[in-house]
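Here is the structure we will look at.
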Amino acid sequence: MPEPDKAAAEELIAAAQALDALGFMPSKSGNLSLRTAAGCLITPAALPYAALTPADLVEIDLTGAVLRGHRRPSSEWRLHTAVYAARPEAGAVVHTHSPFATALSCARQGLPAFHYMIALGGGADIRCSAYATFGTAALAEACLDSLRDRRATLLANHGVVALGRSLAGARTLAMEVENLARQYLALRAAGLTPVLLTAAELREVFAQFGDYGRLT
């Protein structure tokens with residue numbers, strides 16, 4: 001079996017370290033993966049992101065079997081492999097514990113269409129999933145259900161999952177979900193009621209995003 005692409009491994013590590021530096025991956029939480037021909041390349045369990053090297057990454061197939069690597073894959077490998085199995089367009093998955101989005105998830109609330117950038121998530125809102133214990137098949141199932149026709153979701157009492165055709169796309173989306181959550185919670189904290197975009201207004205947003213290729 002050929003070695004995973006060195007550039008892909010370096011890209012995965014750089015993305016993980018950048019998100020960690022932003023405070024999106026506290027206490028070694030969160031995880032990232034890239035689809036490979038055999039399954040996916042995923043960050044390992046319980047290793048500080050600042051210390052990651054290409055040798056620490058783990059390649060697994062879509063059943064979770066380790067194909068290459070000397071470390072344990074992330075505890076959320078079931079979530080990642082479930083996304084790849086169900087969503088053939090997904091080339092990368094980013095899971096963060098970014099502070100504002102995670103806070104909102106702990107209220108088990110999603111993000112409504114209060115800002116046009118919600119459309120980056122693929123629909124009229126960003127849902128919050130049903131609750132399930134971390135690392136379980138039940139969480140993977142809840143995540144997939146909440147991602148139905150979407151590219152991002154909040155995991156109840158947990159964090160954010162974003163997928164993309166590329167790692168750059170998934171990472172950008174995860175960062176935008178955090179930005180939207182911060183704005184939404186600021187509105188709520190100020191006692192203001194967001195004015196939600198109408199279905200017609202959202203259709204115009206999607207048309208504009210389509211012109212610029214924003215949803216690829």
Side-chain angles (χ1 to χ4, degrees), residues 1 4 8 12 15-16 19 24-47 49 52 56-98 101-111 121-123 125-165 167 169-171 173-174 177-178 181:
M1 184 178 297
L12 191 62
L19 289 169
F24 284 21
M25 319 278 265
S27 302
K28 297 176 283 191
S29 64
N31 26 80
L32 292 77
S33 69
L34 272 169
R35 188 191 289 273
T36 66
C40 69
L41 192 65
I42 192 167
T43 50
L47 188 69
Y49 290 103
L52 277 184
D56 295 314
L57 300 177
V58 186
E59 187 174 16
I60 58 176
D61 68 17
L62 295 189
T63 72
V66 174
L67 302 176
R68 185 175 289 104
H70 65 283
R71 296 191 180 276
R72 288 183 295 115
S74 166
S75 62
E76 296 296 358
W77 66 263
R78 292 176 180 84
L79 186 156
H80 289 256
T81 57
V83 169
Y84 291 127
R87 301 289 292 269
E89 78 277 19
V93 176
V94 170
H95 168 43
T96 72
H97 290 191
S98 55
T102 298
L104 187 58
S105 83
C106 291
R108 302 192 184 181
Q109 295 184 27
L111 286 160
D125 60 3
I126 294 172
R127 305 181 185 108
C128 184
S129 76
Y131 178 76
T133 304
F134 78 94
T136 62
L139 178 62
E141 182 178 349
C143 178
L144 282 182
D145 183 62
S146 195
L147 278 172
R148 188 179 64 258
D149 302 319
R150 299 287 190 274
R151 297 173 58 237
T153 188
L154 304 185
L155 300 179
N157 304 85
H158 192 149
V160 176
V161 171
L163 60 90
R165 296 186 185 277
L167 181 57
R171 175 183 164 189
L173 181 54
V177 171
E178 173 67 3

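Just so it is clear, the values below take in all heavy atoms, side chains as well, and ignore hydrogens, waters and symmetry mates. Computed from a predicted structure; not experimentally measured.
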Going from [atom1] on [X] to [atom2] on [Y], what distance comes out if it is rounded to the nearest 0.5 angstrom?
{"X": "W77", "Y": "S33", "atom1": "CH2", "atom2": "OG", "answer": "12.5 Å"}
{"X": "K28", "Y": "T43", "atom1": "NZ", "atom2": "OG1", "answer": "13.0 Å"}
{"X": "I42", "Y": "S75", "atom1": "CD1", "atom2": "OG", "answer": "8.5 Å"}
{"X": "L19", "Y": "M25", "atom1": "CG", "atom2": "CE", "answer": "5.5 Å"}
{"X": "Y84", "Y": "D61", "atom1": "OH", "atom2": "CG", "answer": "13.5 Å"}

Among [options], which one satisfies side-chain contact (heavy atoms from CB on, under 4.5 Å) with [X]?
{"X": "L163", "options": "R35, R87, H80", "value": "R87"}
{"X": "V161", "options": "V177, L139, L173, L79", "value": "L79"}
{"X": "L57", "options": "L41, L34, L32", "value": "L41"}

Ring centers of H158, H95 separated by less than 6.0 Å
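Here the rings of H95 and H158 have centres that are less than 6.0 Å from each other.
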So, for [X] and [Y], which heavy atoms are closest and what is the spacing to 0.1 Å?
{"X": "G110", "Y": "C128", "result": "N-CB, 3.8 Å"}
{"X": "G164", "Y": "R151", "result": "CA-NH2, 4.2 Å"}
{"X": "T102", "Y": "G159", "result": "OG1-CA, 3.6 Å"}
{"X": "A162", "Y": "A174", "result": "CB-N, 3.7 Å"}
{"X": "L147", "Y": "R127", "result": "C-NH1, 4.1 Å"}
{"X": "V66", "Y": "G69", "result": "CG1-O, 4.0 Å"}

So does [Y] get a backbone contact from the side chain of [X], meaning a donor-acceptor N/O pair under 3.5 Å?
{"X": "S105", "Y": "L155", "answer": "yes"}
{"X": "Y49", "Y": "S29", "answer": "yes"}
{"X": "S146", "Y": "A142", "answer": "no"}
{"X": "E76", "Y": "G135", "answer": "yes"}

For Q109, I'd like to know if atom CD has over 12 heavy atoms of other residues, nucleotides or ligands within 6.0 Å.
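Yes, enclosed.
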Could you go step by step and tell me if S129 and D145 meet the side-chain contact (heavy atoms from CB on, under 4.5 Å) rule?
CA-CA 7 Å; S129 76; D145 183 62; over 6 Å; no
Under the criterion side-chain contact (heavy atoms from CB on, under 4.5 Å), I'd like the reasoning laid out for T63 against T81: C-alpha separation, chi angles, the key distance, then a yes or no.
CA-CA 7 Å; T63 72; T81 57; over 6 Å; no
Can you tell if the side chain of S74 reaches within under 4.5 Å of the side chain of V58, non-hydrogen atoms only?
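No; the side chains remain at least 4.5 Å from each other.
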Let's go through E178 and T96 carefully: what are the C-alpha distance in whole Å and the side-chain angles of both, what is the deciding distance for side-chain hydrogen bond (donor to acceptor under 3.5 Å, both in side chains) to 0.1 Å, and is it a yes or a no?
CA-CA 9 Å; E178 173 67 3; T96 72; over 6 Å; no
Between D125 and R150, does a side-chain contact (heavy atoms from CB on, under 4.5 Å) hold up when you go through it step by step?
CA-CA 9 Å; D125 60 3; R150 299 287 190 274; 2.8 Å; yes
